[in-house]
**Q** 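Before we start, here is the structure in question, set down as structure tokens.
Letters A, B, ... mirror the listed sequences (proteins, then strands); counts begin at 1.
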Number of protein chains: 2
Amino acid sequence: MALGKDYVTQECSIARALEIVGERWTLLVIRDALYGVRRYKDFLVHLGIPRAVLADRLHTLTAAGILEKRRYQESPPRDEYVVTARAIALWPTVRSLGLWGREHFSAAQLRYFRHADCGTELGPYGECPACATVVPVEDVLMEPGPGLDPDPADPVSRALLKPRRLLQPVLVDQV
Amino acid sequence: MALGKDYVTQECSIARALEIVGERWTLLVIRDALYGVRRYKDFLVHLGIPRAVLADRLHTLTAAGILEKRRYQESPPRDEYVVTARAIALWPTVRSLGLWGREHFSAAQLRYFRHADCGTELGPYGECPACATVVPVEDVLMEPGPGLDPDPADPVSRALLKPRRLLQPVLVDQV
DNA sequence: GGGGTTGGTTCAATGAACGAACCGATGCTG
DNA sequence: CAGCATCGGTTCGTTCATTGAACCAACCCC
């Protein structure tokens, strides 16, 4: 999106938000970041996004304070992109968008999101119906559903098959 | 978006959703539709969107069952685009996106959303804190906030200045 | 020194968005 | 009835973004 950043004419916080996360690929990058993806190459293979676009989006998101670039090892110098509070604050949006997509345009249940403390499936607003609280993102347990390909090609998808909490860094199995 | 519909490689209901509502302008069209905008020209002047793009988006949204084209007068034949249940189901997404935009990237409060029955401002999930219920979209009262330009140029923005319920058709003041 | 990995940048080709012009159907005015 | 306005588009040349392939620099290990 953002051809000339034309949404500026709009007096609306939805337009403000879309100027930042409304570009192609951006929300999928944020989804992956919330799932625990942190490294350039992992985004690349999981999303199938062109390299130049990924680099652009990571810079934009970093500049907007949604991701943070952080060195996790010297020699060879390697950086990772980790989520900030701003990205975490997008979880309800991402969640409700996914729910809408599943209800209206998806055949099978692809993933379950549960309250890690009690195992109850999350309600539509990210709350736990059993505990009657809004579940913090780091306490959301993501599990594969019956509709998910049990043997995907790329290693990131494979790592995301195991039940895991959100935000927890993805560990790619080196073969 | 949707250059070659590349999200198809993604096994994810968020990606499914973004294939439909992730294109430039689309979510703003849906926002306006939820606000009560129904006519081609009203979308045009309120969004400042190129005509060809608007026509394309309206067709796409109609084909996806999110809007419905309906004749509201013969002679001259005029159609309007009205929201369906699928569009209404996007309200929580639109709402949370707007909330995120306001909290992180907007200076002032532009609009208030209240429970029409009791006047209480909506909580983050579209619920009424006082009544402890999720407020149906048609019972959401939209009011201008202090940050909103009190004398906008286009007639649709002017019509949206008055307190009004969501989904209620916009009536443009003919001068 | 050779080969591999990571995290990019560059570039030509393609596709989408933009904005201005045009158009058909109809109604309104004089 | 002629002339002009409105609504809801379509057409088209220009500009901008995305794509995918190639290239590259830094570093590691053998």
**Q** Does Tyr81(B) reach a base, just sugar-phosphate, or nothing at all? Heavy atoms under 4.0 Å.
**A**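 Counting heavy atoms under 4.0 Å across all strands, the contact made by Tyr81(B) is with sugar-phosphate only.
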**Q** Toward the 5' end of DNA chain D, which comes first, Asp42(B) or Ala52(B), by nearest nucleotide?
**A**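 Nearer the 5' end of the strand: Asp42(B).
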**Q** Consider the side chain of His59(A), meaning its heavy atoms from C-beta on, and name the nucleotide among dT19(D), dT9(C), dA17(C) that approaches it most closely.
**A**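 Given the options dT19(D), dT9(C), dA17(C), the side chain of His59(A) is closest to dT9(C).
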**Q** Counting only N and O atoms by type, is there a donor-acceptor contact under 3.5 Å from the side chain of Trp100(A) to the main-chain atoms of Arg86(B)?
**A**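 Side chain of Trp100(A) to backbone of Arg86(B): a pair is present.
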**Q** Distance check needed: dG7(C) P versus Arg70(A) CZ, whole Å only.
**A**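 After rounding, the reported distance stands at 14 Å.
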**Q** Write down the distance between CG (Asp56(A)) and C1' (dG20(D)), rounded to a whole number of angstrom.
**A**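 Spelled out: CG on Asp56(A) to C1' on dG20(D) is 16 Å.
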**Q** Need one value for Val53(B): base, sugar-phosphate or nothing, where a base atom within 4.0 Å counts as base even if backbone is also close, heavy atoms only.
**A**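 It contacts sugar-phosphate atoms only.
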**Q** Let's see if you can work this out: which of dG8(C), dT6(C), dT26(C) has an atom nearest to the side-chain heavy atoms of Pro76(B)?
**A**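 The closest nucleotide is dT26(C).
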**Q** Should the pair Arg39(B)-Glu80(B) be classified as a salt bridge under the 4.0 Å nitrogen-to-oxygen rule?
**A**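 No.
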**Q** If you check every side-chain atom of Pro50(B), which of dG19(C), dT19(D), dT10(D) has the closest atom?
**A**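 From the listed options, dG19(C) comes nearest.
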**Q** Base of dG8(D), side chain of Arg51(B) - is there a donor-acceptor contact under 3.5 Å?
**A**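 Yes.
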**Q** Establish, with yes or no, whether the OP1 or OP2 oxygen of dT6(C) is under 4.0 angstrom from a side-chain nitrogen or oxygen of Lys41(A).
**A**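 For dT6(C), OP1/OP2 do have a side-chain N/O of Lys41(A) under 4.0 Å.
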**Q** Any side-chain N or O of Arg24(B) under 4.0 Å from OP1/OP2 of dC18(C)?
**A**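 Checking Arg24(B) against dC18(C): at least one side-chain N or O falls below 4.0 Å of OP1 or OP2.
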**Q** I want to verify a distance call: between dC7(D), dT10(D), dT6(C), whose nearest atom is closest to the Tyr40(B) side chain?
**A**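 Among the listed nucleotides, the one closest to the side chain of Tyr40(B) is dT10(D).
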**Q** How long is the line joining CD of Gln73(A) and P of dA26(D), in whole Å?
**A**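 Rounding to the nearest Å, CD of Gln73(A) and P of dA26(D) are 17 Å apart.
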**Q** Using whole Å, report how far CZ of Arg78(A) lies from P of dC27(D).
**A**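 Taking atom P of dC27(D) as the reference, CZ of Arg78(A) is at 10 Å.
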**Q** Does the Arg31(A) side chain pair with the main chain of Val94(A), one donor and one acceptor, at a distance under 3.5 Å?
**A**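 The answer is no, because no donor-acceptor pair under 3.5 Å joins these two groups.
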**Q** Which nucleotide in the set dG19(C), dG7(C), dG9(D) lies at the smallest distance from any side-chain heavy atom of Tyr72(A)?
**A**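 Of the candidates, dG7(C) comes closest.
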**Q** Taking side chain as C-beta onward, heavy atoms only, is Arg165(B) less than 4.5 Å from Glu138(B)?
**A**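 Sidechains of Glu138(B) and Arg165(B): no contact.
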**Q** Compare the minimum distances between each of dC18(C), dT26(C), dT6(C) and the side chain of Pro77(B), then state the nucleotide with the smallest one.
**A**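 From the listed options, dT26(C) comes nearest.
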**Q** Are the side chain of Arg38(B) and the backbone N or O of Gln168(B) linked by a donor-acceptor pair below 3.5 Å?
**A**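 Looks like no, no N/O pair under 3.5 Å.
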**Q** Rounded to the nearest angstrom, tell me the gap between atom CZ in Phe43(B) and atom P in dG9(D).
**A**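 It is 11 Å, rounded to the nearest whole Å.
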**Q** May I have the distance from Ile49(A) (atom CD1) to dA17(D) (atom P), rounded to whole angstrom?
**A**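 Whole-Å distance recorded here is 16 Å.
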